[in-house]
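Notes follow the structure.
Note that these values count all heavy atoms, side chains included, but never hydrogens, waters or copies made by symmetry.
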Amino acid sequence: MLTSGDHAPLFVALPTPGGPATNKGGSLSCAVSFYPDYSDTDVTGWDMMWFRPAAAVPLYTDGWPGGIEIHAVGALYSAAKKVQETLDLGVADATNGNAELQFTAGKLIAPISKTNLNIKGNTVVKIPAGDSSFTLTINASAGTFSGTFLPNWASQAATKPVFKGVLLQKGSRKGGFGYFLSNAKNDPDPESGGVTLSAPQ
């Protein structure tokens, strides 16, 4: 139910990792605000609290039962618009590319940037096409992107880490934003990292 000023309470129960889907020991909660006239967002959720209990999984085993504060932004998405246009990627460049994938944190030794790609409409074209150090797929109808990349941690696993993200089409925040999980060989304590898709910086 909306309250005065276009605000609404939000509560989402989240399953505890490693347990049955019915075991919802975690949650997200905040008050969201709807302001479609804002230049950068249509909806915001400041001071959102994310709770996750300890879990018997090799990823943040201790959880954060006391909660951590996060912020959320969102905007209406139009599948009719081309990603090249909505992310302001400019004209495709056969030499330098018109887009950039950047990977940070997640136990990487240093950030990784991939600028050898073009996005033409909704189609990804790598430079050269045979570059196997990363993959990128855009699902324009759903407003998502995904792929794999070659990390720079010392002990490589047999498979490359997978990344996933969503596309934001509005204002100064327009771009793709997502995450990956580290998967270094024999690492008992993997971590999450961030991935962005944007015009070259």
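- With rounding to the nearest 0.5 Å, the separation of CE in M49 from CD in E69 is 6.5 Å.
- Taking the six-membered ring where the residue is Trp, Y35 and Y38 present parallel rings, their angle staying beneath 30° rather than reaching 60°.
- The 12-atom threshold is exceeded at CH2 of W153, counting heavy atoms of other residues, nucleotides or ligands nearer than 6.0 Å.
- Separation of atoms CZ (F149) and CG (L101) is listed at 10.0 Å; rounding is to 0.5 Å.
- Applying ring-ring contact (aromatic ring centres under 6.0 Å, His included) to F163 and the options F103, F180, F177 leaves one that passes, F103.
- For P151 against P161, the heavy-atom pair with the smallest separation is CD-CD, 3.7 Å.
- Within a 6.0 Å sphere centred on NZ of K81, heavy atoms belonging to other residues, nucleotides or ligands number 12 at most.
- Annotation: side-chain contact (heavy atoms from CB on, under 4.5 Å) contacts of N122 (sequence neighbours excluded): K82, V83, A140.
- Here the OH atom belonging to Y60 is positioned 4.5 Å from the CD atom belonging to E191, to the nearest 0.5 angstrom.
- The CG atom of L87 sits 9.5 Å away from atom CZ of F145, with the distance rounded to the nearest 0.5 Å.
- Screening L167, T144, V166 against N139 for a side chain to side chain contact (heavy atoms under 4.5 Å, CB included) leaves a single residue, T144.
- In terms of heavy-atom proximity, S132 sits nearest to K160 at O-CE, 3.3 Å.
- Atom NZ of K107 sits in a crowded spot, with more than 12 heavy atoms from other residues, nucleotides or ligands closer than 6.0 Å.
- Atom CZ of F51 has more than 12 heavy atoms from other residues, nucleotides or ligands within 6.0 Å.
- Note that CG of D47 and NE2 of H71 are 6.0 Å apart. Values are rounded to the nearest 0.5 Å.
- Here the CG atom belonging to D93 is positioned 10.0 Å from the OG1 atom belonging to T115, to the nearest 0.5 angstrom.
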